[in-house]
Asker: 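First the structure, which I've put down as structure tokens, then a few questions once you've had a look.
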Amino acid sequence: MKNSVFSEYKSKIIGIVIGNIITNFPRGFFNGVIYFLILGLTIPSLSGDAVDFGKLNSYYIMYLVAFFVYILFSILSSINTFVQSYGISSDIRMKLGEKLRKLSLGFFKDNDPGDVTSRMLHDVSKAEETLSHYIIDYINGLIIPILIGIFLAFVNYKLSLILPVTIIISFAFFYIAKRIINVMGKKHLQVINQTSSRILEYTSSIKLLKSFNMVGESFNELDKSLLKLKKLSFKTEVWSGIPVQIALLILDFGYLIMLFYGAKMCVSGLLGIPEFFTYAILGFYFFEPVKQVGISVVLMRHAKNSLDRIDDILSKEESDYYKNQQLSDENSIEFKDVTFTYNDTPVLKNISCNFPQKSMTALVGISGAGKTTITSLIARFWEIQKGIITLGGINIKKIKPELLLSKISMVFQDVYLFNDTILNNIRVGDLKATDEEVIQAAKLAQCHNFISTLPKGYNTLVSEGGRSLSGGEKQRISIARAILKKADVILLDEATASLDPENENEIQLALDNLTKDKTIIVIAHKFSSIMNADNILVLNEGKIIESGKHTELIMKDGLYRKLWNLQKQSGSWKMVN
Ligand code: ADP
């Protein structure tokens, strides 16, 4: 099957194909021996001669040898087929995962999470089935009828003409089914993906839905999606199933016609009785695999839709960068005339600013001003539409994404913890770190005390998403990861706004340990922590409207002072965001 997803695995696929072709030869051979067994049994009984058991025994032996060779080849080629096809599919999944890691967040914005998940699971499974089943059925179904067809043509070419005629007529219907699958299968896959998205949405928001007593309403949405899928699955099955059934009936009918004409020819003396029996037996062995070929052609069309969807992701352009680009030791960041838009309206408009190395720059502004967007652009989660962002004087577009991210640690409000031990969750910061190094980072991040009180300490399992830990604890684990990573640039969403004072103090201590001598960009939610910042950028509607130190900004009659006064009045020292 021609498809670029598989083009990399050509030699493995050729191995699967050759293995299965070879397996079919002993199979064809023992089918052919049947003919000689029939001749050996029927001719003497019709002519009244004695049956030559010596000859018959040698046929039996040939049959048995061919049969056991077939079994042996079949086992070996099945093992090869399954090992290779499962290996290829797992490799494709790894490649997809790797590709997803390299794509910018814009891709995930344009593609539903259900759609992406479905490509990784459902579509790759189809690729796997193509190799482990459809191609095999196709080859097996093709070779045996070819061998039997050639053999029967020598027995009686006139009667054998029924075989290709039946095949041509039946394959016209298989072709119709294939066309239907081509159109309806794509729509079907789309609905499968939409349903996966609804299921993901439903399960991930179940807690929220329960708290608002909305489980019923939300389930209605899922119910509608499932109903739509049920209807479309039924329609696709019926519409493609009808021509397939007709094609199968034609093949059965072809066999019956062959028997009918064979019998007629036998009566009129144009065909011998042994030849007739040969047609009756080998004809059956001819038509059954042809059915298999027809069905696998249709199923492969179905799988092709999935393969195209995998290919669609794998062929997505990755961010371009200079290979082997070395990073400079300098860690300042600069925005030069940067404009960025998520949809149509620009979120950042012609931003130019500098984040000097080993200094702390705070981003201040009301909610929606564009602070988080600035930090996401530094990590190149999104591609900017205009301008340049540099790290150490190098355009970040020219830096290999892995290299860029190795320079940056992010401590954001949303902390994701994996379904693994606390030790391994911290080790995410540096996979090569020893247990001692992880524990040292945890101590600096003020995690050690609470981890030590857990029943299994650092080996305690955290549930996926980190739901079994408090907000403050999760945040300190994320700081421990960042400490372990030893990155030069720290992007920090100061999330202490919603924490209790004890947690807040511990997090402040952890952050002090993290940010020593680093280039720090902090999204500030409270003024008390940024009064000592080296520079403060005040954002409003995607533009920097003020900048300077706290003491300078407070002297101006601008937004900073207004926000400062508002906080003072509320008495909380915290900015609303
Ligand atoms: P801040 O951090 O200052 O609160 P953000 O940078 O998060 O602001 O958001 C700036 C603007 O961009 C807001 O109007 C927000 O709605 C919009 N925005 C943020 N993230 C996305 C996204 N993933 N897709 C579309 N719009 C977004």
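The model shown is predicted, which means the values in this text are computed figures rather than measured ones. Ligands are counted one by one from 1 in listed order, and the atoms in each one are counted from 1 as well.
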Asker: Suppose we call two aromatic rings close when their centres sit under 6.0 Å apart. Are Tyr134 and His302 close by that rule?
Answerer: no

Asker: Answer yes if the ring centres of His188 and Phe234 are under 6.0 angstrom apart, and no otherwise.
Answerer: no

Asker: Can a non-hydrogen atom of Gly370 be found less than 4.0 Å from any atom of ligand 1?
Answerer: yes

Asker: Kindly confirm or rule out an N or O of Trp382 lying under 3.5 angstrom from an N or O of ligand 1.
Answerer: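 Looking only at distances, the answer is no, because the N/O contact criterion of under 3.5 Å is not met.
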
Asker: Is there any side chain to side chain donor-acceptor pair (under 3.5 Å) pair reaching into residues 432-443, and which pairs are they, with sequence neighbours excluded?
Answerer: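 Residue pairs with at least one partner in residues 432-443: Arg427-Asp435, Thr434-Glu437.
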
Asker: Any idea which part of Val347 is under 4.0 Å from ligand 1, heavy-atom wise: side chain, backbone, both or neither?
Answerer: side chain

Asker: Give yes or no for whether the N/O distance cutoff of 3.5 Å, strictly under, is met between Thr373 and ligand 1.
Answerer: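 Between Thr373 and ligand 1, an N or O pair is found under 3.5 Å apart.
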
Asker: Quick one about Asn350 and Asp337 (side-chain donor to acceptor, distance below 3.5 Å, no hydrogens or angles considered), yes or no?
Answerer: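 Indeed, the side chains of Asp337 and Asn350 share at least one donor-acceptor pair under 3.5 Å.
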
